Amino acid sequence: GLWRYLVTDAAGIRPRLDSQYGKESKSSAPRFSVGTIVEVVRRRRSGWTRWLEVKTGEGWLFDVSPKDRKVRLVEVEVQY
């Protein structure tokens, strides 16, 4: 599938190397800034968090933080 998500976190969000929350999965990739629309090719649910694999290969993002339940991305429908 292909889904689109809007970054809503004012600080932006940095991709992870894997679909897990922890120090070992942190990456040095640049952050996606607030207002960016990210294309996602795969989704995995873990508790209240949905892990999202970025189409361009940077890694994985999450829609709701596993740490504090803060919403970081929301699914959007892009109309042309």
Side-chain angles (χ1 to χ4, degrees):
L2 180 67
W3 302 271
R4 291 176 180 88
Y5 281 78
L6 175 68
V7 178
T8 58
D9 190 326
I13 188 167
R14 187 182 311 272
R16 303 256 169 183
L17 299 172
D18 198 3
S19 58
Q20 62 183 356
Y21 193 87
K23 291 179 185 175
E24 65 280 349
S25 67
K26 286 188 176 181
S27 84
S28 59
R31 291 178 176 270
F32 289 98
S33 57
V34 66
T36 302
I37 294 179
V38 181
E39 290 189 324
V40 169
V41 293
R42 192 163 45 150
R43 305 190 290 190
R44 278 185 52 193
R45 182 164 293 284
S46 177
W48 62 77
T49 300
R50 181 173 280 166
W51 288 95
L52 312 164
E53 185 177 10
V54 180
K55 179 182 179 183
T56 51
E58 286 94 341
W60 292 81
L61 302 172
F62 48 80
D63 61 351
V64 177
S65 172
K67 181 179 176 184
D68 59 13
R69 296 188 186 194
K70 182 177 176 184
V71 175
R72 305 290 173 92
L73 296 125
V74 294
E75 187 174 0
V76 294
E77 183 177 319
V78 178
Q79 297 181 351
Y80 298 99

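Starting from 1, each residue takes its place in the sequence as its number. Because the structure is a prediction, the values reported are computed rather than measured.
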Sorted by chain and residue number, the ring pair (Phe, Tyr, Trp, His ring centres under 6.0 Å) partners of Tyr5 (sequence neighbours excluded) come out as none

Name each donor-acceptor pair under 3.5 Å that joins a side chain in residues 51-59 to protein atoms two or more places apart or in another chain, with its distance.
from	atom 1	to	atom 2	distance (Å)
Glu53	OE1	Arg42	NE	2.8
Glu53	OE1	Arg42	NH2	3.1
Thr56	OG1	Glu58	OE1	2.2
Thr56	OG1	Glu58	OE2	3.1

Give a yes or no on whether Val64 and Ile37 share a hydrophobic cluster (residues Ile, Leu, Val, Met, Phe, Trp, Tyr; joining criterion: side-chain heavy atoms under 4.5 Å apart). yes

In one Ile/Leu/Val/Met/Phe/Trp/Tyr side-chain cluster, 4.5 Å: Leu61, Leu2: no

Can you tell me how far apart [atom1] ([X]) and [atom2] ([Y]) are? Round to the nearest 0.5 Å.
X     : Y     : atom1 : atom2 : answer
Ile13 : Arg31 : CD1   : CZ    : 8.0 Å
Arg50 : Leu73 : CZ    : CG    : 12.0 Å
Ser27 : Asp18 : OG    : CG    : 11.5 Å
Arg69 : Thr49 : CZ    : OG1   : 8.5 Å

Which of Val76, Thr36, Val38 passes side chain to side chain contact (heavy atoms under 4.5 Å, CB included) with Leu6? It is Val76

Can you sort out the partners of Lys67 under salt bridge (Lys or Arg N to Asp or Glu O under 4.0 Å), two or more places apart, ordered by chain and number? none

Would you say the side chain of Lys70 lies within less than 4.5 Å of the side chain of Asp9, judging by non-hydrogen atoms? yes

Mark yes or no: Arg16 above the aromatic ring of Tyr21, with NZ or CZ under 6.0 Å from the six-membered ring centre and no more than 45 degrees from the axis. yes

With a cut-off of 6.0 Å (strictly less than), are more than 12 heavy atoms of other residues, nucleotides or ligands near CZ of Arg44? no

Looking only at heavy atoms, which two atoms of Ser65 and Trp48 are closest? And how far apart? O-NE1, 3.1 Å

Between Lys26 and Leu17, the two heavy atoms sitting closest are O-CD1, 3.5 Å

